[in-house]
Amino acid sequence: MTILGVDLGTTNSACGVWRNEKAELIPNALGDFLTPSVVYIDPDNQVHVGKVAQERSITEPQATASVFKRYMGTHKSLTLRGKDYTAVELSAFILSRLKEDAEKFLGETVTQAVISVPAYFNDTQRKATKQAGEMAGLTVERLVNEPTAAAIAYGLHEKPEHAQFMVLDLGGGTFDVSIMEYFSGVLEVHASSGDNFLGGEDFLEVLVNHYLEAASLNRKQLSHSELQKIRSKLEQVKRQFNTVESVTIEPILHSQTDKVTVSREQFTKLSEHLLHRIQQPIETTLRDANLRPSDLDDVILVGGATRMQSLRSAVAKMFRRLPMANIDPDLVVAMGAAIQAGLKARDQALDDVVLTDVCPYTLGTGVLNEADTAGLQGDLFSPILERNSVVPASRVASYFTVYDKQQELEFTIYQGESRLVKNNISLGSITVKVPKSKKGHEGAEVRFSYDMNGLLEVDIKVLSTGETYYKMIQNAPGELSEKELAASREKLSKLKFHPREEETNQLLIARAERLFESRLSEQRQMIQSSLKWFEGVLEKQNARDISNAQDEFCVFLDDLEQDRLF
Ligand code: AMP
């Protein structure tokens with residue numbers, strides 16, 4: 001019986017199996033190993049997962065869901081086409097798709113899985129992951145911690161003796177650091193720390209700012225789609241710096257005439273402050289574990305953003321050795337999960353324990369977003385207790401009035417990792433009274449205390465009067481009851497997946513529709529007529545014609561996207 005190893009990621013997911021004495025990754029219907037963790041429900045109520053859904057997230061955001069892993073183990077639901085879905089249900093869609101891909105690839109039914117979870121996931125979040133598996137028709141034989149899976153992929157469990165190493169995971173928006181210890185068949189995740197607001201996106205932002213300045217463009221005068229175009233071009237440039245010293249960027253917008261050249265050295269210099277921020281959690285983690293960099297046997301890199309040369313050099317400098325990075329950092333966790341699945345099938349699965357109990361979410365309060373004059377973004381999230389803090393933990397922060405004669409301060413308490421409160425989960429609120437005074441003169445001290453049982457206590461003290469307020473919040477009430485699970489199963493059973501074989505066509509159509517929305521008249525007409533032609537070919541159902549048309553349509557869309565047609 002084959003057990004599927006799954007990396008159920010925030011942005012991308014991947015899976016693999018142990019076959020012929022090695023871990024083998026499984027391609028999806030498009031031939032990719034990575035499937036974006038995005039779900040789209042089409043107007044016929046059919047479910048799409050992956051790249052098609054990702055394209056639709058631009059043109060039909062109200063019918064797509066992404067980054068829902070952040071809500072695992074909570075009751076928050078996302079609304080798609082008027083229906084609510086929990087993170088468990090959305091994850092079940094991803095897992096169903098991966099299961100189908102695996103079955104197609106292996107030519108057999110797959111009913112068992114090992115799924116990876118972040119080391120900081122608590123019991124509720126782990127249970128939710130198992131429930132998602134079960135909803136997708138997979139018995140979850142075991143969960144494996146993500147840093148453990150990465151370590152297994154590098155064969156560190158095969159070391160004959162005791163070994164200690166660090167796993168650095170830099171994704172799009174978060175950074176996680178774990179120290180692992182291997183001893184007689186047990187891998188322990190010791191200390192973990194990180195930065196919830198640091199990732200590859202921040203490096204891109206640095207490059208965007210530099211480019212706008214060098215090209216004399218004013219961000220405020222650019223439309224959303226122009227900025228998007230610049231961003232996606234610079235994302236490519238950021239990746240090019242991994243192999244080349246300098247990149248000359250052709251004009252990106254029609255209004256531009258000059259090229260801009262940026263060197264890798266400039267980029268590294270501009271991102272120095274970010275590279276410095278990476279150092280802090282590494283130091284904290286080492287200190288917590290009472291270790292020096294030289295005590296570590298290896299450093300492992302995970303997450304797409306660890307491909308950056310500047311990051312690799314900074315890490316190499318810190319540890320005076322090269323980090324391990326020869327396995328694709330986006331696939332290393334899936335590889336490890338597949339190996340663990342293979343070990344499990346032979347009853348040799350590695351024991352994997354997390355020793356520190358950490359807070360699995362960031363907890364904080366909302367504050368006024370002064371830059372948001374149009375009211376589009378809403379309040380900003382001000383973290384008080386950061387995710388990954390070792391519990392029990394207690395932290396304090398102060399807040400002040402924002403206008404003259406303000407009489408009340410309202411504290412809404414949120415859990416989540418987004419900088420905007422509207423994307424986080426509201427846990428409750430407290431309003432405190434302050435004496436009338438000038439803006440910024442009155443304020444309150446807010447203390448958050450979080451314990452092992454997920455209990456959050458909020459103590460607020462008004463600075464001038466000393467008056468105190470208290471609220472207790474039972475956090476993470478997220479476990480689904482049996483009744484809720486049955487209702488979920490019933491709901492999901494009514495939905496059908498869009499046929500896997502049509503995914504390539506669906507993706508081309510979704511891409512064309514996205515480009516149609518972002519372009520103007522002349523180009524729109526071209527897209528419209530190409531789309532009609534392509535749909536005409538599909539209707540005739542001749543396999544060879546369809547295959548040729550796919551190639552041709554793809555070249556057309558590539559050219560259009562790269563502005564090569566004009
Ligand atoms: P993840 O969440 O692990 O998929 O990480 C995505 C982040 O990795 C994004 O910020 C990407 O810009 C970044 N990334 C992916 N590939 C590369 C690459 N080849 N070079 C630099 N950054 C990359």
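Numbering of ligands and ligand atoms starts at 1, following listing order. These numbers were taken from a predicted model, which means no experiment stands behind them.
Less than 4.0 angstrom separates some heavy atom of Asp330 from each of these atoms of ligand 1: 3 (O), 4 (O). Proximity to Asn242 (heavy-atom distance under 4.0 Å) selects the following atoms of ligand 1: 18 (C), 19 (N), 20 (N), 21 (C). Below 4.0 Å from some heavy atom of Met308 lie the following atoms of ligand 1, by number and element: 21 (C). Listed by number with element, the atoms of ligand 1 under 4.0 Å from a non-hydrogen atom of Lys238 are 10 (O), 11 (C), 12 (O), 22 (N). For ligand 1, the atoms closer than 4.0 angstrom to any heavy atom of Glu201 are 10 (O). Atoms of ligand 1 found under 4.0 Å from any heavy atom of Gly303 (numbered from 1 in listed order, with element): 3 (O).
At a heavy-atom distance under 4.0 Å, no atom of Leu204 approaches ligand 1. Contacts between Thr10 and ligand 1, counted as non-hydrogen atom pairs separated by less than 4.0 Å, are absent for every part of the residue. Only side-chain heavy atoms of Asn12 come within less than 4.0 Å of ligand 1; its backbone N, CA, C and O stay farther off.
In terms of protein heavy-atom proximity, atom 16 (N) of ligand 1 is nearest to Arg307 NH1, 2.8 Å. Protein heavy atom nearest atom 4 (O) of ligand 1, with residue, atom name and distance: Thr11 OG1, 3.4 Å. Of the protein's non-hydrogen atoms, the one nearest atom 11 (C) of ligand 1 is Glu235 OE2, 3.4 Å. In terms of protein heavy atoms, atom 3 (O) of ligand 1 is closest to Gly304 N, 3.1 Å. In terms of protein heavy atoms, atom 15 (C) of ligand 1 is closest to Arg239 NH2, 3.3 Å.
A salt bridge between Arg511 and Glu561 is present, with a side-chain N of the basic residue lying under 4.0 Å from a carboxylate O of the acidic one. No salt bridge links Asp379 with Lys422; every basic N to acidic carboxylate O contact stays at or beyond 4.0 Å. The pair Arg514-Glu517 fails the salt-bridge criterion, with no side-chain N (NZ, NE, NH1 or NH2) lying under 4.0 Å from an Asp/Glu carboxylate O. The pair Glu235-Arg239 meets the salt-bridge criterion, with a side-chain N (NZ, NE, NH1 or NH2) lying under 4.0 Å from an Asp/Glu carboxylate O. Here Lys69 pairs with Glu146 in a salt bridge; the nearest charged N to carboxylate O distance falls below 4.0 Å.
Between the choices Ala305, Gly200, Gly172, the shortest heavy-atom distance to atom 13 (C) of ligand 1 belongs to Ala305.
The closest side-chain heavy-atom distance from Leu217 to Gln256 is below 4.5 Å.
No side-chain donor from either of Asn196 and Thr174 sits under 3.5 Å from a side-chain acceptor of the other.
Listed for the Arg387 side chain is no donor-acceptor partner under 3.5 Å among the backbone atoms of Glu417.
Nearest approach of Asp202 to Phe197, heavy atoms of both residues: OD2-O, 3.5 Å.
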Working for side chain to side chain donor-acceptor pair (under 3.5 Å), residues Glu283 and Gln279: CA-CA 6 Å; Glu283 283 172 4; Gln279 210 169 325; 3.3 Å; yes
